[in-house]
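To keep things clear, I will list the structure first and then write my remarks on it.
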Amino acid sequence: MEEYDPKRIEEKWQQVWEEARAFEVANPDDPAAADRSRKYYVLEMLPYPSGTLHMGHVLVYTLGDVVAHFRRRNGWLVLHPIGYDAFGLPAENAAIREGGHPRAITERNIAHIRNEMKRMGWSFDWSREISTHEPEYYRWTQWLFLRLYEAGLAYRKHAPVKWCPKDQVVLANEQVHDGRCEYCGSEVEARSLEQWFFRTTAFAEELLQDMAELEWQERILAIQRNWIGRSEGAEVVFRCEELGEDIPVFTTRPDTLFGATFFVLAPEHPLVERIAERAPGGAQIRDYVRHAAAKRGEERARDEKTGVFTGFHAVNPVNGERLPIYVADYVLVEYGTGAIMAVPAHDERDYEFAQAFGLPVRPVVAPQEGEAPLPFTALTDTERLVSSGRFSGMSAREGGRAIVEWLAEQGKGRFATSFRIRDWLVSRQRYWGCPIPIVHCPSCGEVPVPDEELPVLLPEVEDYQPRGVSPLATAEEWVRAPCPRCGAEARREVDTMDTFVDSSWYFLRYCDPRNDRAPWERSVVDFWCPVDQYIGGVDHATMHLIYARFFMKALNNLGLVGFREPFKRLFSNGWVQLGGRKMSKSRGNVIGPDELVETYGADPVRLYILFIGPADQDMEWTDEGIEGMVRFVRRLWRIVHEVAERAPQGEPEDGPLLRKAHRTIAKVTDDIGRRQSFNTAIAAIMELVNELARDPAGPASRRAAETAVSLIQPYAPHLAEELWERLGHERLWAQPWPEADPAFLQEETFELVVQVNGKVRDRLRVPVDLPQEELVALAKASPKVQAHLDGREVKRAFVVPGRLVNLVV
RNA sequence: GCCGAAGUGGCGGAACUGGUAGACGCGCCGGACUCAAAAUCCGGUGGCCGCAAGGCCGUGUGGGUUCGACUCCCACCUUCGGCACCA
């Protein structure tokens, strides 16, 4: 018997699979009529082609591969594609750093990553490979942009945005974490710029509601729920007589309206400038606004309350009181209406401000009993309204509703819902992205590029250096274009799209990747989609996973797809750590698949990454661990060879080993298929191998070995294929998944646990088919039990068939 | 502060529907093979007491429900993640 040589067998089988096109899948001839009940779309988040793969990729794609193999062998038509999220800042920054074109760098990286993926033996359908930077792909990204534009879901506006001073680019809200740029970690600045947005807020309510039908881990749903941030309350109109304007405010606490003692506008509120024009203290107001604008969001939150009185007033519609209007930066322009009624008695921030400015505090909500310290913010079922006119005495909740209804009758208020989520800022002032297919005409304004002129190709430029204006602007000839509407000389939009636009629809393109007449054929996409099993990291919970959901809702409204949710089931994997910390280049604790495959082989790496622990939790990579896995693989190799040589052929005989084999089939099938417990499936196979090792030449050994090899195939496909061949068979990847025979699932005897008053006192080996009374009798007869009974009478006996007897005295 | 996830041996973890706590693996200890080492194989391995048989304790803490709780309920502590002057 030769040694286990991973390199040799892995190369051998990878070649066999490629020649056999083993994992390619054709679309049905008539997708609209095809049976969808046995199709399975398993997808892992596509990689960003930076230099090399990391262990996170190894985890994600191995997870997906196990699922893909498992489904295929269970008779499903499996779509398991791969591609590259190729546009984006890192490649562009690398081009600036090292010289060269971002395209060249990206394509070099793709070539490397493709090679690494092939060495891992993942069973992708390579015939459907795509990359988002290719004109054949981004042509359709542009086409989709135009459809959203026509539907009013893409628009341009002047708005306060987050700006990264280092990367010289605007960022989506989702890309700012703790006030820092997600790429470089610089603190972001606030700027007011004309930018392109997608109207994600149009679907805020639906994005929230439809989570009910998603089979996603609660932790991801919770993150999205927080991000969408729905609040119920009321919009109430305050009249400013000096301005002759109605100013609406949003509040979640209409029950506290009688306690309002002042009124606040955000510094960026559109009425502030008008007030400043007329107010005697206009200069001070402008001063304050300028001062607030210079502060970062974090400072605004951290600092003491500041503000300035305008001299103007707003009338409280519930009691006609004139409230002084302040401008203060603790009120945010982007949430609610950018204006608030301030109720210091029942809001901590208003209270702080009132203290600082010596404003009155008037409690209108009282606890059930006694007095509460101010500010009193509780709202349960027990608080009552006081000093609230005819609403006094009502419960605060009821009273709040009644007040809104009363205001609604007079047209001064209504029930309202507010969301935290903002429209998605999609334009970027950088080179390496999908050009926005719009032309700006001096007379026609924004004009979409006609479909037949797509793609708008990314022009060649000399210099990618970020300067705050897109490098595309320097491609003068490209920028100058005739207006598609009037023919006059016009200028192309020079910003590119956020790469998350590319990745919001890539899984649709996989279904119909070579279509050059449309982004996809709807019947084909409706056949494969939604994705049955999606796999990827938690870090995309508020970005990619929200954007893609938004896209499906928009595309469904446009009649382009027949569903509204892209990913039915989502598995969010944990982080792979080394030395107790997340692997990262800056920490220098990165190990990649290249060296590991070189040292140990792809199969042991695949096995170990899933064996470390539950794949949805963070895990710690250790060298000792992978070496243990190599030990197991070599052991399996040796034992199977011994079985192939010495074990008898023919029908296996019933016995403990055969029963163990069947129980293992049941366990592994359930672990992979239902429980998604990939680590315990491996442990179960190890148990079977341990038992087989005791008797490699027995009457059921051949069947046990075949079972172990067959079950481990999704994890270690090369090893399994090789051993399968040595057991005298072929094409394991296409063999049906083994089935557990219920007749063999039980042992003939089991260990009966005998408890006295819930404490284990004895264990007896008994036949499985004994009636309950006999089990109790046997239990009572045990000398150890007798000693513990101590002559006392057994009052009750609980029997769990096949497990235990508990005698209560 | 609000929302979510999680706390089990020396370590990673298992125990799925309330029924033997610690599967499987790492590490460690002992033995076999070897001139020796590595590799491999065999055995042991939660803590405490005991020569042993055996006993007691043990799943973050404190209570509760139950014949029986890692699992269910109540209160709390810790860690991690998300949101956060969001009205």
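Naming convention: chains lettered A, B, ... in sequence-line order (proteins, then strands); numbering from 1 in each chain. Below, each value reflects all heavy atoms present in this structure, side chains not excepted, and no hydrogens, waters or symmetry copies.
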Rounded to the Å, how far apart are [X] [atom1] and [N] [atom2]?
X: Glu174(A); N: C83(B); atom1: CD; atom2: P; answer: 10 Å
X: Tyr608(A); N: C26(B); atom1: OH; atom2: P; answer: 10 Å
X: Leu807(A); N: U20(B); atom1: CG; atom2: C1'; answer: 15 Å
X: Glu624(A); N: C28(B); atom1: CD; atom2: P; answer: 8 Å
X: Trp621(A); N: G13(B); atom1: CH2; atom2: P; answer: 15 Å
X: Glu691(A); N: A23(B); atom1: CD; atom2: C1'; answer: 13 Å
X: Tyr330(A); N: C85(B); atom1: OH; atom2: P; answer: 14 Å
X: Phe263(A); N: A87(B); atom1: CZ; atom2: C1'; answer: 12 Å

May I ask you to say what [X] touches in the nucleic acid, namely base, sugar-phosphate or nothing, with a heavy-atom cut-off under 4.0 Å?
X: Glu334(A); value: nothing
X: Val264(A); value: nothing
X: Gln755(A); value: base
X: Ser231(A); value: sugar-phosphate
X: Val753(A); value: base
X: Phe611(A); value: base
X: Gly336(A); value: nothing
X: Glu218(A); value: sugar-phosphate
X: Ala222(A); value: sugar-phosphate
X: Asn679(A); value: sugar-phosphate
X: Asp671(A); value: nothing

Paired with [N]: which nucleotide, if any, by Watson-Crick or G-U wobble criteria at under 3.5 Å for both distances?
N: G7(B); result: C77(B)
N: C28(B); result: G44(B)
N: C83(B); result: G1(B)
N: G54(B); result: C49(B)
N: U59(B); result: none
N: C16(B); result: none
N: C35(B); result: none
N: C72(B); result: G64(B)

How far does the [atom1] atom of [N] sit from the matching atom of [M], given to the nearest Å?
N: C11(B); M: C48(B); atom1: C1'; answer: 22 Å
N: G27(B); M: A75(B); atom1: P; answer: 44 Å
N: G82(B); M: U71(B); atom1: C1'; answer: 27 Å
N: G4(B); M: C49(B); atom1: C1'; answer: 45 Å
N: C24(B); M: G18(B); atom1: C1'; answer: 24 Å

Item to check | Verdict with supporting geometry, Leu207(A) and Phe419(A), side-chain contact (heavy atoms from CB on, under 4.5 Å) | outcome: CA-CA 11 Å; Leu207(A) 285 168; Phe419(A) 293 91; over 6 Å; no
Item to check | Backbone of Arg420(A) reached by a side-chain donor or acceptor of Arg422(A) within 3.5 Å | outcome: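 Answer holds: yes.
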Checklist entry - For Thr200(A), does its backbone N or O pair with a side-chain atom of Asp423(A) as donor and acceptor, under 3.5 Å? => result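 Yes.
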Checklist entry - Hey, what's the ring geometry for His544(A) with Phe500(A), parallel, tilted or perpendicular (30° and 60° as the breaks)? => result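 If you compare the ring of His544(A) with that of Phe500(A), the planes turn out parallel.
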Report the nucleotide, chosen from [options], that has the shortest atom-to-atom distance to any side-chain atom of [X].
X: Ala683(A); options: A87(B), C16(B), A23(B); answer: A23(B)
X: Phe798(A); options: A87(B), C67(B), A15(B); answer: C67(B)
X: Ile223(A); options: U20(B), G82(B), A14(B); answer: G82(B)
X: Asp347(A); options: C83(B), A87(B), A21(B); answer: A87(B)
X: Arg803(A); options: G19(B), G25(B), C67(B); answer: G19(B)
X: Glu687(A); options: A87(B), C67(B), C24(B); answer: C24(B)
X: Arg219(A); options: G4(B), A87(B), U20(B); answer: G4(B)
X: Trp227(A); options: U20(B), C83(B), C67(B); answer: C83(B)

Checklist entry - Strictly by modelled atom types, are Tyr330(A) and Glu352(A) linked by a side-chain donor-acceptor pair under 3.5 Å? => result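 Side-chain D/A pair, Tyr330(A) to Glu352(A): absent.
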Show each protein N/O and nucleotides 38-49 of chain B N/O combination with a separation under 3.5 Å, one pair to a line.
from	atom 1	to	atom 2	distance (Å)
C41(B)	OP1	Arg638(A)	NH2	2.9

Next on the checklist: Counting only side-chain nitrogens and oxygens, does Arg675(A) get under 4.0 Å of the OP1 or OP2 atom of A15(B)?
Outcome noted: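 Result: yes.
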Next on the checklist: Just confirming the chi classification of G9(B), syn or anti, using 90° around 0 as the syn window.
Outcome noted: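 G9(B): syn.
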Checklist entry - Which comes earlier along RNA chain B counting from the 5' end, the contact point of Phe250(A) or that of Arg763(A), where each point is its nearest nucleotide? => result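 That would be Arg763(A).
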Checklist entry - Mapping Ala339(A) and Ile220(A) to their closest nucleotides on RNA chain B, which lands nearer the 5' end? => result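 Closest to the 5' end, via its nearest nucleotide, is Ile220(A).
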Checklist entry - Where is the tightest heavy-atom contact between Pro363(A) and Leu374(A), given as atom of each residue plus distance? => result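 That would be CG-CD1, 4.0 Å.
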Got a list of protein N/O to nucleotides 54-60 of chain B N/O distances below 3.5 Å?
from	atom 1	to	atom 2	distance (Å)
G55(B)	OP1	His788(A)	NE2	2.9
C56(B)	OP2	Arg761(A)	NH1	3.2
C57(B)	OP2	Lys759(A)	NZ	2.9

Next on the checklist: Using ring centroids (six-membered ring only for Trp), state whether Phe353(A) and Tyr326(A) fall under 6.0 Å.
Outcome noted: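 Yes, ring centres under 6.0 Å apart.
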Checklist entry - Is Met211(A) close to Arg549(A) at the side-chain level, that is, under 4.5 Å between some pair of heavy atoms? => result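 They are in side-chain contact.
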